[in-house]
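Each chain gets a letter, A, B and so on, in the order the sequences are listed, and its residues count up from 1. Worth knowing before you read on, the calculation uses all heavy atoms, side chains too, and leaves out hydrogens, waters and symmetry mates.
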Amino acid sequence: MKPLPIAFAALVHQALQDAQADGSLPVFPIPELKIEPPKRPEHGDYASAVALQVQRLAGKPPMQIAEIVRAHLPDAPFLGSAEIAPPGFLNFRLDRAWLAAQVDYILTAGERVFQQEDGAGKRAQVEYVSANPTGPLSVHRIRGGVIGDTIANLLEAVGYTVTREYYYNNAGQQMNVLGASVQARYLEMLGLPNTFPENGYKGQYIRMIAATLAAIYGDSLRDAPVERFRQLASESIFYRLKSSLRRINIVHDVFFREDSLYEDGSVEETIAALRARGLAYERDGALWFKSTALGDEKDRVIVKRSGEPTYRLPDIAYHRNKLERGFDLIVNVFGADHAATAPQVLLGVKALGYDPSCVRTVIHQMVELVEGGEARRMSTRRGDFVELDELIDEVGADAVRYFMLAQSPDTAMSFDLDLARAQGDENPVYRIQSAHVRCAGILRRAAERGLSDQNADLSLLGEAELALLKKMLETPEVINRAIAEMQPQAIAIFALDLAGMFHPIYDRVRVISDQEEIPAPMAAARLRFYKAAKIVFARLLKLMGMSAPEEMERRARAEPLSAESESA
RNA sequence: GUCCCUGUAGCUCAGCGGAUAGAGCGUUGGCCUCCGAAGCCAGAGACGUGGGUUCGAUUCCCGCCAGGGACACCA
């Protein structure tokens with residue numbers, strides 16, 4: 001279904017054209033029309049400030065322009081009335097019968113309610129998480145994961161076919177350090193001489209992997225090369241990482257290995273292409289990308305003096321690969337710590353002759369984990385972190401999704417573990433989910449009592465129900481704006497607003513009551529309304545990657561989180 | 001020093017150049033013989049600062065102050 005602002009804008013646009021054609025208004029270019037729900041209900045359901053926008057172009061007072069536009073408005077089934085208000089607003093009201101009838105649209109559309117098709121036939125790729133398998137995920141990666149996955153969901157909601165992708169480096173220096181760290185712990189466990197690497201990974205999980213290896217392989221790995229440990233360790237870490245991500249409904253379609261770019265010659269080709277264009281040169285024994293030629297502040301090393309490429313080179317090759325795959329839209333979700341490199345990579349592919357204009361980069365600010373009123377710095381190397389699994393056990397998968405989503409990517413987030421714990425029963429997650437649960441409860445009770453919504457007369461719905469319905473119909477425009485601005489928190493905020501409108505209605509607008517007599521036709525209309533509301537809440541929860549429970553379960557309180565850390 | 005992000009209610013945050021700036025938590029006072037009180041009703045409470053653009057600025061631009069992040073032959 002198309003967003004209503006677009007439908008209203010079409011009417012206003014037509015009215016302006018017609019007014020210009022019959023000479024009521026002078027001819028001027030019609031600006032982009034922004035039509036949105038006003039804050040105050042007495043200003044109508046949707047409002048336009050077009051008369052104020054064009055007052056200079058039209059050379060008339062805004063009130064007069066508004067009146068001219070109103071007089072030229074074409075008919076539309078959804079248009080109830082249009083009023084003008086000082087200093088020149090045009091306030092629209094939806095047709096009440098049309099609005100009530102949207103309950104049936106929602107029921108017919110079912111779980112695809114508010115599905116849009118503008119992206120139909122287009123393919124998008126969204127890259128997120130992309131952590132190297134050297135240890136548990138940091139909270140930053142979790143945040144990026146939730147943001148990226150939700151963007152992917154939203155893109156599907158407007159018709160895109162989406163590839164969810166995870167890019168990782170399984171061959172670099174950090175992985176060797178990981179292998180050596182596990183090897184040392186393994187040998188230590190067997191009582192054999194070992195050397196723990198300088199800058200090795202000190203987390204408890206290294207010991208756990210070593211212990212697992214010892215349990216499976218006994219001492220048969222005592223003479224195995226470090227590569228073997230690297231491979232076993234990364235497999236083990238990846239296994240856990242994927243299963244943790246699955247718990248918060250993050251499942252990638254493609255895990256793209258950096259080393260595949262070496263195997264298929266992409267990295268070499270990238271170097272050759274840059275050289276061929278005179279954009280690579282050697283200095284001080286290293287190979288440089290002449291990025292200043294494309295406006296960068298300084299040139300960047302792509303192959304170190306040691307002969308190893310820097311991360312930049314495979315990153316450029318990877319983005320070239322993405323662009324080669326012909327996506328209509330590519331979304332990269334990075335943490336603020338990687339913000340500076342994103343433009344460099346795009347310069348790289350531009351240097352290769354590709355047009356990166358389909359690439360959108362979403363930079364999210366960092367997550368600060370607060371516990372006991374103190375900020376806790378997370379470090380994989382030091383072994384100080386809270387594991388995703390622990391976080392999920394503590395606050396629940398749905399709460400992890402919601403909290404990580406509900407703030408703008410631009411905002412540095414404080415994830416207060418005490419607060420997440422303390423909120424327990426009273427946080428926004430439950431507020432939204434309980435709206436769905438309550439609808440489910442009504443449907444259940446109605447079924448038990450043999451109530452039906454057949455032949456429901458939706459004109460019996462009250463203003464409060466229609467107001468909620470109107471709000472629900474804003475979903476498509478919220479989705480569009482979230483995508484256009486890459487601000488997926490909009491959907492989380494919207495869902496909470498909607499729940500906030502729902503609960504008072506649930507309280508007063510009853511289908512079943514022991515205290516008041518509810519006529520059968522009224523009960524039928526309301527029942528159908530709640531059916532529709534349930535569908536909408538389920539859709540919103542699904543878009544956010546959260547569950548839509550039929551009944552609320554009381555969750556057992558978990559023990560306080562304790563980060564593992566070790567001073568080795 | 002340069003670049004990026006952010007300063008909105010006691011706290012955590014929404015807020016698309018429009019009309020009287022919203023929510024959750026907390027707080028004050030009222031509500032449970034009804035579809036799950038994880039709830040409902042009512043109240044108190046905020047745009048860092050100085051300019052500019054505009055009919056109109058929390059929103060856009062510039063300065064200042066404050067906080068976070070980035071400025072590698074680490075990823």
Looking across every strand, which nucleic acid part, if any, lies under 4.0 Å from [X] by heavy atom: base, sugar-phosphate, or nothing?
X: A412(A); result: sugar-phosphate
X: D284(A); result: base
X: I493(A); result: sugar-phosphate
X: S414(A); result: sugar-phosphate
X: V509(A); result: base
X: R431(A); result: sugar-phosphate
X: N91(A); result: base
X: A339(A); result: nothing
X: G441(A); result: sugar-phosphate
X: L496(A); result: sugar-phosphate

Determine whether the aromatic ring of H43(A) stacks with the base of A19(B), defined as ring centroids separated by less than 5.5 Å and ring planes inclined by less than 30°. yes
Test: side chain to side chain donor-acceptor pair (under 3.5 Å). Region: residues 515-531 of chain A. Which pairs qualify, not counting sequence neighbours?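 Residue pairs with at least one partner in residues 515-531 of chain A: D104(A)-R528(A), D453(A)-R528(A), D453(A)-K531(A).
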Please, which pairs that meet side chain to side chain donor-acceptor pair (under 3.5 Å) have at least one residue in residues 300-310 of chain A, sequence neighbours excluded? D296(A)-R300(A)
Can you tell me if the side-chain N/O atoms of [X] get under 4.0 Å from OP1 or OP2 in [N]?
X: Q487(A); N: A14(B); result: no
X: T134(A); N: A75(B); result: no
X: K298(A); N: C71(B); result: no
X: Q365(A); N: U6(B); result: no
X: R449(A); N: C34(B); result: no
X: R305(A); N: C73(B); result: no

Between [X] ([atom1]) and [N] ([atom2]), how many Å, whole number?
X: L498(A); N: G24(B); atom1: CG; atom2: P; result: 13 Å
X: Q407(A); N: G7(B); atom1: CD; atom2: P; result: 11 Å
X: N132(A); N: C74(B); atom1: CG; atom2: P; result: 15 Å
X: R40(A); N: U20(B); atom1: CZ; atom2: P; result: 8 Å

Set of side chain to side chain contact (heavy atoms under 4.5 Å, CB included) partners for N91(A), sequence neighbours left out: H43(A), A47(A), A85(A), F89(A)
For Y167(A), the ring-ring contact (aromatic ring centres under 6.0 Å, His included) test, sequence neighbours excluded, returns Y318(A)
Tell me, please, which residues at least two apart from F28(A) pass ring-ring contact (aromatic ring centres under 6.0 Å, His included). none
Go through Y46(A) and F92(A) one step at a time and tell me if the ring pair (Phe, Tyr, Trp, His ring centres under 6.0 Å) criterion holds. CA-CA 5 Å; Y46(A) 282 87; F92(A) 300 106; 8.4 Å; no
Counting only heavy atoms and a strict 4.0 angstrom limit, can you tell me which residues of residues 514-525 of chain A come near RNA chain B? D514(A), Q515(A)
Hey, is the side chain of Y311(A) pairing donor to acceptor with the base of A75(B) inside 3.5 Å? yes
Is there a donor and acceptor pair closer than 3.5 Å between the side chain of R438(A) and the base of C35(B)?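 When only heavy-atom distances are counted, R438(A) does not reach the base of C35(B) through any donor-acceptor pair under 3.5 Å.
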What residue pairs, at least two apart or across chains, pass salt bridge (charged side-chain N to carboxylate O under 4.0 Å, His left out) with a residue in residues 397-410 of chain A? D149(A)-R401(A)
Full working for ring pair (Phe, Tyr, Trp, His ring centres under 6.0 Å) between Y430(A) and Y402(A): CA-CA 10 Å; Y430(A) 301 107; Y402(A) 191 83; over 10 Å; no
Ignoring hydrogens and angles, write down the donor-acceptor pairs under 3.5 Å from the side chains of residues 492-506 of chain A, residues two or more places apart or on other chains.
from, atom 1, to, atom 2, distance (Å)
H503(A), ND1, R438(A), NH1, 3.0
H503(A), NE2, R431(A), O, 2.9
H503(A), NE2, S434(A), OG, 3.4

Side chain of H503(A): nearest nucleotide among A70(B), G39(B), G18(B)?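 So the side chain of H503(A) is nearest to G39(B).
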Using the salt bridge (Lys or Arg N to Asp or Glu O under 4.0 Å) criterion, which residues pair with R70(A)? Sequence neighbours excluded. E67(A)
Pairs under 3.5 angstrom only: tabulate donor-acceptor contacts from the side chains of residues 33-40 of chain A to other protein residues two or more places apart or in another chain.
from, atom 1, to, atom 2, distance (Å)
R40(A), NE, E42(A), OE2, 2.9
R40(A), NH2, E42(A), OE2, 2.9

Using atom names, set out every protein N or O paired with an N or O of nucleotides 56-60 of chain B below 3.5 Å, distance rounded to 0.1 Å.
none

Which residue, I363(A) or S48(A), contacts RNA chain B at a nucleotide closer to its 5' end, judged by nearest heavy atom?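 It is I363(A) whose nearest nucleotide is closer to the 5' end.
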Note every stem involving RNA chain B: at least three consecutive Watson-Crick or G-U wobble pairs, i with j then i+1 with j-1, with both distances under 3.5 Å.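 For RNA chain B the paired stretches long enough to count as stems (3 pairs minimum) are B:1-7 with B:65-71, B:10-13 with B:22-25, B:27-31 with B:39-43, B:48-52 with B:60-64.
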